[in-house]
Amino acid sequence: MQHMARVSPGDGQTPRPAVEVRGLGHAYDGRDGVVAALADIDLTVPAGQFTVIVGPSGCGKTSLLMMLAGLRTPTSGTIECDGRPIAKPDPERVGVVFQEASLYPWLTAVENVEFPLLLKHTPRDERRARAEQMLKLVGLDGFGGRYPHELSGGMKQRVSIARGLVQDPPVLLMDEPFAALDEQTRMTMGHELLRIWSETSKTVVFITHSLTEAVYLADEVLVMSARPGRILDRVPIDLPRPRTYQMMATDKFGQLRERIWQQIRDMP
Amino acid sequence: MSRSAVILVRIALLLAVLGAWEVLPRAGVVNPMLLPPLSQVLVVLGEILKRGDFQEAMAVTAAEVLVAFVIAVPLGALLGVLSAENEYFGAIFKPMLFYVFSIPKSIFLPMFILVFGIGFGQKVAYATFSTIFIVIMSASAAVESVKAEYLLVAQSYGATRAQILRRIYVPSMMPILLETLRISMIFNFTGVMIAEMYASRTGVGHMISNWGENFMLPQLFAGVIVLAVAAMAFNELVRYWEARCSTWRG
């Protein structure tokens, strides 16, 4: 399995980063005055890279993702996606996959996947064809007619990923997409996600609580501090691709996870 | 128990009740003056349905019910949506609505007679009043049933306000709204009946009340059958619609 759009630094060309964040800060009015949620976030995600963000609960990971998606306005700093600033949601540049599946229960799987295209008034046949294609990509060929309550947790997340990809955005943001799944399904879904990623060559920014998941999936892991969230460390994960479950048992894997764990553990 | 067996038992039970209605008064087990046999009631039913005054009474009652429904449902839905969506409106009116909801509406009936006199307006006003609170409460519950993440997903895909209203609010509120229609019709119908039976010159409720006072039990039961069938027919119509709109509910 080879990965097409991997652009590594030092190719001689300077690839345009898919996501570029400069001096990003976010503060909100809390009960005891202004609360700084995020401070001085600098972030560069090269096109095609799989970046995972980890950090303690309440460090503002989700806030950061919401701002990358254009769903929340930063207090300071800039966000650029594909070289242009993100001011409001732009599903053609950034697709989002949320915690839990957040599918619409009144729509079938294929209608859920079509939903972003429906909002764009894409003709019905084209919409359906694209959605069917995406369901096939995520391994749900033939399940399009089912309602969410007829699908398992893992299948719902597959539909959700298909919905995130249906407009073919170069960047896919994922907010703890597998948190609600059982351990086994979670492992399978991680593996599936890597397969989908390598077939579509998207830039992925993925948030998780699971350090094993982070090391298993990522090209680079960003470790965030407790509030106000800052980026404490950038850990390149130089494990070979394609990743295998066996790698989790290697010393290398253990050392990488340990390096991340040490920093999270020492936080107040 | 299989589904067909359940249906068979239901039919058997219905036939048993109707059979008892016929047999018990005839056998003298129950007083036929108080419970006339079913066949006698059905004969009287056939007769009164042909009577001009009864047809007129049905038309009046139906008009009262429909007008009150057409006023109470949209107005109540609007107030309910407002109290759920608008923070200030909700904060001010919700407690008041909640407390008024708990009061039996029939105690206000004499006031409606004083204000509107006895007639069409009084019945419509009273039925509207007795229905609107349940509509307000249900509509605001329907709005609150729209999950925040549904809206977030739609926003992340660039949905406009109109699209969010049409694609998210309407379908996700639909099951509760249809149930509201059904329940408000029950309240509404009850309101019109109480108003007609309390003080009225016309309407089916008024006729039933008269028949009761004059000990005309076959007519009374015939009237009850007409009203019961009308109420159940509407209920089933909305339920059918509800089922069609909620196949997605597991």
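Remember, it's a predicted structure, so these values are computed and weren't measured experimentally. Naming convention: chains lettered A, B, ... in sequence-line order (proteins, then strands); numbering from 1 in each chain.
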Using a 6.0 Å cut-off, check whether atom [atom1] of [X] has over 12 heavy atoms from anything other than its own residue.
| X | atom1 | answer |
| --- | --- | --- |
| B/Lys147 | NZ | no |
| B/Glu149 | CD | yes |
| B/Phe89 | CZ | yes |
| B/Arg239 | CZ | no |

Inset, instruction - Examine whether an atom of B/Gln163 lies under 4.5 Å from a heavy atom of chain A, and if so say whether it belongs to the side chain, the backbone or both; otherwise answer neither. - result: side chain
Inset, instruction - Calculate, to the nearest 0.5 Å, the distance between atoms CD1 and CG belonging to B/Ile164 and A/Leu119 respectively. - result: 8.5 Å
Inset, instruction - Going by the side chain to side chain contact (heavy atoms under 4.5 Å, CB included) test, name the single residue among A/Asp90, A/Val97, A/Val96 that passes it with B/Ser156. - result: A/Val96
Legend entry - Closest-packed option against chain B by number of heavy-atom pairs under 4.5 Å, given A/Thr108, A/Leu118, A/Leu173: A/Leu118
Inset, instruction - Under the side-chain contact (heavy atoms from CB on, under 4.5 Å) rule, what do B/Arg167 and A/Phe115 come out as? Steps first, then yes or no, please. - result: CA-CA 9 Å; B/Arg167 303 287 178 192; A/Phe115 186 76; 3.8 Å; yes
Legend entry - Residue pair B/Gly158 / A/Pro89: nearest heavy atoms and the distance that separates them: N-CB, 4.3 Å
Legend entry - Pairwise side-chain contact, B/Tyr150 with A/Leu103, heavy-atom cut-off 4.5 Å (strictly under): no
Legend entry - 4.5 Å side-chain heavy-atom contact, A/Gln167 and B/Tyr157: yes
List, one per line, each side-chain donor-acceptor pair under 3.5 Å for residues 59-74 of chain B, sequence neighbours excluded.
| unit_1 | atom_1 | unit_2 | atom_2 | d |
| --- | --- | --- | --- | --- |
| B/Thr61 | OG1 | B/Ala57 | O | 3.0 |
| B/Thr61 | OG1 | B/Glu196 | OE1 | 3.3 |
| B/Thr61 | OG1 | B/Glu196 | OE2 | 2.9 |
| B/Thr61 | OG1 | B/Val204 | N | 2.8 |

Legend entry - Segment of A/Glu92 engaging chain B (4.5 angstrom heavy-atom cut-off): neither
